[in-house]
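Working notes for the structure below.
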Amino acid sequence: MKVDGVPRRSIQLAADGETVEIVDQTLLPHRFGIATLATLEDAAAAIRDMRVRGAPLIGATAAYGLCLAIRRDASRGSVEAACSELLATRPTAVNLRWALDDMKARVLAVDEARRADAAYARAAEICDQDVAINRAIGENGVALLREAAARRAGPVNVLTHCNAGWLATVDGGTALAPIYRAHDAGIDLHVWVDETRPRNQGAGLTAWELAAHGVPHTVIVDNAGGHLMQDGRVDLCITGTDRTCANGDVCNKIGTYLKALAASDNGVPFYVALPGPTVDWTADSGADLPIEERAGAEVSTVTGETEAGEIRTVRLTPAASPVFNPGFDVTPARLVTALITERGVAEASAQGLLALYPERRRAAAG
Ligand code: MRU
């Protein structure tokens, strides 16, 4: 994507070829800033504090975090300790485990002197692969928007939750990839952007991205979606997923399930866009997935910009009231109309997924 006309990925190697630059998402939408990751600890903190977030980007950042660790110490012990530290940063997005397992296998297969080069090369491939996957998701998903456009006069209204745009990936986005593709192809569309409390990834990040790209959109409170669907003002929903189970259940940002329920009740198609590395083939269903619990302060406070241009955090709840802050929920496959992947559009079921990823058949059976 371009920011102020300059092409930029959400993560990229710095000019020194060793440190890593990220778009600091905690500053958006009020400021656009780049942060530099120079150590394993920087990378782990960036994931934990959500300066980078979104399943594919977490995986890419962990891959580079391992590079930064190996730069300091390439021994097997250092590689294993770094993987454990990175894996512990956030529990739900399976891309983190996927990227670290892949990186670890490749770097430990070569001798110590070649590990840094092997790690940087593979991290770059993981990033390029993510961009290619997202481009294919866009191509496969745009047909659904084209069909919806053919059925109605005026703009196609798409509802999305959280941020599954280019900021959540290395570039291109997952749920937003078909939307960008359709907009660029001249399809008339409008996006309802769920604010996505408590961290406001919709209001702060998705809205910022869509505005920067010129895609017509409107921010709504999380509770408005059901009403809009009843009113016939949503043609389809597209969300992302942090972990897709082998049976087609999807785990995504808290509140996704309620949107899928409302969509089902109103006959609104509910699509989930995902890259292959988001599928956890070891998870039979969503019943046992690790759901991240984050700090209560994300619920009891809110951060924004004052009219004077100052960034302030204010309290919303009584200081004495406890809060509970689960980060994700599971949408059962039966509520998902279809999965949009880099290999095509599939039914949200074991059969649907295995038809697209036949190489997983043996693993799934065993
Ligand atoms: O807590 P976050 O902001 O990392 O959650 C992100 C999401 O839930 C996204 O929808 C998901 O990672 C898919 S992004 C391509």
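Both counts, for ligands and for their atoms, begin at 1 and track the order of listing. Computed from a predicted structure; not experimentally measured. The residues of the chain are indexed from 1 along the displayed sequence.
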Under the side-chain hydrogen bond (donor to acceptor under 3.5 Å, both in side chains) rule, what do N266 and Q230 come out as? Steps first, then yes or no, please.
CA-CA 6 Å; N266 290 283; Q230 284 176 323; 5.1 Å; no
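- Nearest protein neighbour of atom 12 (O) of ligand 1, counting heavy atoms only, is A55 N, 2.8 Å.
- Salt bridge status for E292 with R294: present, with a side-chain N to carboxylate O gap under 4.0 Å.
- For ligand 1, one of its N or O atoms has an N or O atom of Q201 under 3.5 Å away.
- Looking only at heavy atoms of the protein, atom 10 (O) of ligand 1 is closest to N252 OD1, 2.7 Å.
- A salt bridge links R76 with E80: at least one charged nitrogen is closer than 4.0 Å to a carboxylate oxygen.
- With a heavy-atom cut-off of 4.0 Å, T278 does not touch ligand 1 at all.
- Considering backbone and side-chain N/O of K253, one or more are found under 3.5 Å from N/O of ligand 1.
- If you look at A175 next to ligand 1, there are no close heavy atoms at all, none under 4.0 Å.
- Residue D242 has at least one N or O atom closer than 3.5 Å to an N or O atom of ligand 1.
- Electrostatic pairing of R197 and D222 does not count as a salt bridge here, judged by no charged N lying under 4.0 Å from a carboxylate O.
- Ion pairing between a basic and an acidic side chain is recognised when a charged N comes within 4.0 Å of a carboxylate O; D249 and R243 show no such pairing.
- Contact check on D128 versus R9 returns a salt bridge, with a Lys/Arg side-chain nitrogen under 4.0 Å from an Asp/Glu carboxylate oxygen.
- One finds no salt bridge joining E21 and R51 here, because no Lys/Arg side-chain nitrogen approaches an Asp/Glu carboxylate oxygen to under 4.0 Å.
- Neither the backbone nor the side chain of H161 has any atom closer than 4.0 Å to an atom of ligand 1 (non-hydrogen atoms only).
- The side chain of R90, and not its backbone, has at least one atom closer than 4.0 Å to an atom of ligand 1 (non-hydrogen atoms only; side chain from C-beta on).
- Here the straight-line distance linking atom CG of D194 with atom CG of N200 works out to 11.0 Å at 0.5 Å rounding.
- A cation-pi geometry, defined here as NZ or CZ lying under 6.0 Å from the six-membered ring centre and within 45° of its normal, does not hold between K259 and F270.
- For ligand 1, the atoms sitting less than 4.0 Å from at least one non-hydrogen atom of M50 are 1 (O), 2 (P), 3 (O), numbered in the order shown with element in parentheses.
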How far apart are the C-alpha atoms of R72 and E41, what are their side-chain angles, what is the distance that settles it, and do they pass the salt bridge (charged side-chain N to carboxylate O under 4.0 Å, His left out) test?
CA-CA 12 Å; R72 199 163 56 191; E41 293 73 24; 3.1 Å; yes
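- The shortest separation from a heavy atom of L274 to ligand 1 is not under 4.0 Å, leaving the residue out of contact.
- Closest to atom 15 (C) of ligand 1, if we only count protein heavy atoms, is T174 OG1, 2.9 Å.
- At under 3.5 Å, not a single nitrogen or oxygen of P56, backbone or side chain, sits near a nitrogen or oxygen of ligand 1.
- In this structure, A93 has no heavy atom closer than 4.0 Å to ligand 1.
- Only the side chain of C162 comes within 4.0 Å of ligand 1, counting heavy atoms alone; its backbone N, CA, C and O stay farther away.
- Within the 4.0 Å heavy-atom criterion, neither part of T239 lies near ligand 1.
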